[in-house]
Amino acid sequence: MSDVKRTNKRAQKAKETRQRILAAALELFVQDGYGATNLQDVADKAGVAVQTIYFVFGNKRALLKELVDVTIAGDDEPVATMDRPWYAGALAADTAQDMVRAYVAGTTSVLERVAPIGRVLEAAVASDPEVAALWPHDVDPRYVVQQGAAKALVAKPGARAELSAEEAADLLYGPAQPRAVPAVRARARLAA
């Protein structure tokens, strides 16, 4: 067997192991809570040795960080939200109404994935300052995403002339919270 095939198989197996660990962590963190779940529980659920989790992620906090990032993205590809096809597609829409419709659909899909882990993260941040330190405090990345969308939105035909990009960013940011999934779904029906 060539070295390339062996490397590809090894890389694929490592990716599958990582995905099993993340899936097990998601299920256990949501079911039992971050604080009550230990890495041995995750390892048992994923069918790996606990040392594998330490090797792949380092520690429980890093596992949670990776889980949140992958959950937001919907995959483990290193692509920022603003570079994702759903986001670029929404911003490329011809009119403000079409953009809002596409943007709400994309945002709703992200929020549906994030909602369960969002509650876990809130509890983890409240109980562990080191978890809170894993995310920036000076700039909210979610707001940066909304600002980018807002700038595109106000420049589209059909946008309200009196709406500034800053106001539009605030309007997009408000309902773009994991707990806002029902409200976002309602807005999606209105935009349809």
Side-chain angles (χ1 to χ4, degrees), residues 10-87 103-146 149 172-188:
R10 206 174 304 132
Q12 182 61 33
K13 185 174 179 178
K15 184 175 182 171
E16 289 168 2
T17 299
R18 181 181 202 86
Q19 290 171 338
R20 278 198 330 270
I21 293 168
L22 289 168
L26 176 61
E27 183 177 332
L28 292 171
F29 288 167
V30 169
Q31 175 185 302
D32 302 331
Y34 174 78
T37 302
N38 63 52
L39 290 183
Q40 185 62 58
D41 298 332
V42 175
D44 292 345
K45 184 89 175 157
V48 300
V50 73
Q51 292 84 358
T52 302
I53 296 176
Y54 285 111
F55 178 75
V56 173
F57 296 99
N59 59 40
K60 186 175 167 182
R61 290 178 191 100
L63 173 60
L64 177 64
K65 172 75 165 89
E66 179 74 13
L67 179 59
V68 170
D69 291 347
V70 166
T71 302
I72 290 168
D75 58 45
D76 59 359
E77 298 300 317
V79 178
T81 299
M82 295 172 79
D83 295 328
R84 295 224 162 236
W86 75 264
Y87 186 89
Y103 194 77
V104 167
T107 302
T108 299
S109 136
V110 171
L111 292 175
E112 287 174 337
R113 286 192 308 270
V114 172
I117 197 69
R119 291 187 219 28
V120 170
L121 183 58
E122 285 176 14
V125 165
S127 65
D128 186 346
E130 290 184 46
V131 170
L134 295 173
W135 283 272
H137 294 286
D138 53 340
V139 176
D140 183 342
R142 290 178 299 133
Y143 192 73
V144 172
V145 169
Q146 307 312 327
L172 292 171
Y173 181 77
Q177 312 302 319
R179 292 181 186 211
V181 171
V184 172
R185 281 189 190 132
R187 282 192 185 84

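Treat the numbers as computed from the prediction; the structure is a model and nothing was measured.
Identified under the salt bridge (charged side-chain N to carboxylate O under 4.0 Å, His left out) test for residues 57-68, with sequence neighbours left out: R18-E66, R61-D128, R61-E130, K65-D69.
To the nearest 0.5 angstrom, E77 atom CD is 13.0 Å from D83 atom CG. Taken from CZ in R113 to CG in L26, the straight-line distance is 12.0 Å, to the nearest 0.5 Å. With rounding to the nearest 0.5 angstrom, the CG atom of L39 is 4.5 Å from the OH atom of Y54. Interatomic distance, CD of Q146 versus OG1 of T81, reported as 9.5 Å (0.5 Å rounding).
Inter-residue side-chain proximity for W86 and V110 is flagged as met; some heavy-atom pair is nearer than 4.5 Å. Looking only at side-chain heavy atoms (C-beta outward), V125 and L134 stay at 4.5 Å or farther from each other. The side-chain heavy atoms of Y103 and T108, taken from C-beta on, include no pair separated by under 4.5 Å. Residues L63 and L22 are in side-chain contact: their nearest non-hydrogen atoms beyond the backbone lie under 4.5 Å apart.
Between Y173 and Y143, the ring-plane angle classifies as perpendicular under the 30° and 60° cut-offs.
Residue I53 comes nearest to A43 through the heavy atom pair CD1-N, 3.5 Å, listed as atom of the first residue, atom of the second, then distance. Taking every heavy atom of both residues into account, I117 and V30 meet most closely at N-CG2, 4.4 Å. The two residues A25 and V42 have their closest heavy-atom pair at N-CG1, 3.9 Å. For D32 against A36, the heavy-atom pair with the smallest separation is O-CB, 3.3 Å. A pairwise comparison of heavy atoms in S127 and P129 identifies O-CD, 4.0 Å as the closest pair.
Side-chain contact check for Y34 and E122: no donor-acceptor pair (N or O, by modelled atom type) lies under 3.5 Å.
The backbone N or O of V145 sits less than 3.5 Å from a side-chain atom of Y87, completing a donor-acceptor pair. Looking only at distances, no side-chain donor or acceptor of T52 sits under 3.5 Å from a matching main-chain atom of V48.
Under the side chain to side chain donor-acceptor pair (under 3.5 Å) criterion, E27 pairs with K45, sequence neighbours left out.
Paired with E16 under the rule side-chain hydrogen bond (donor to acceptor under 3.5 Å, both in side chains), one option of Q12, Q19, R20, K13 passes, and it is Q12. Partner of Q40 under the side-chain hydrogen bond (donor to acceptor under 3.5 Å, both in side chains) criterion, chosen from T37, D44, N38: D44.
Ionic pairing of D75 and R84 is present here: one or more N-O contacts between side-chain nitrogen and carboxylate oxygen are shorter than 4.0 angstrom.
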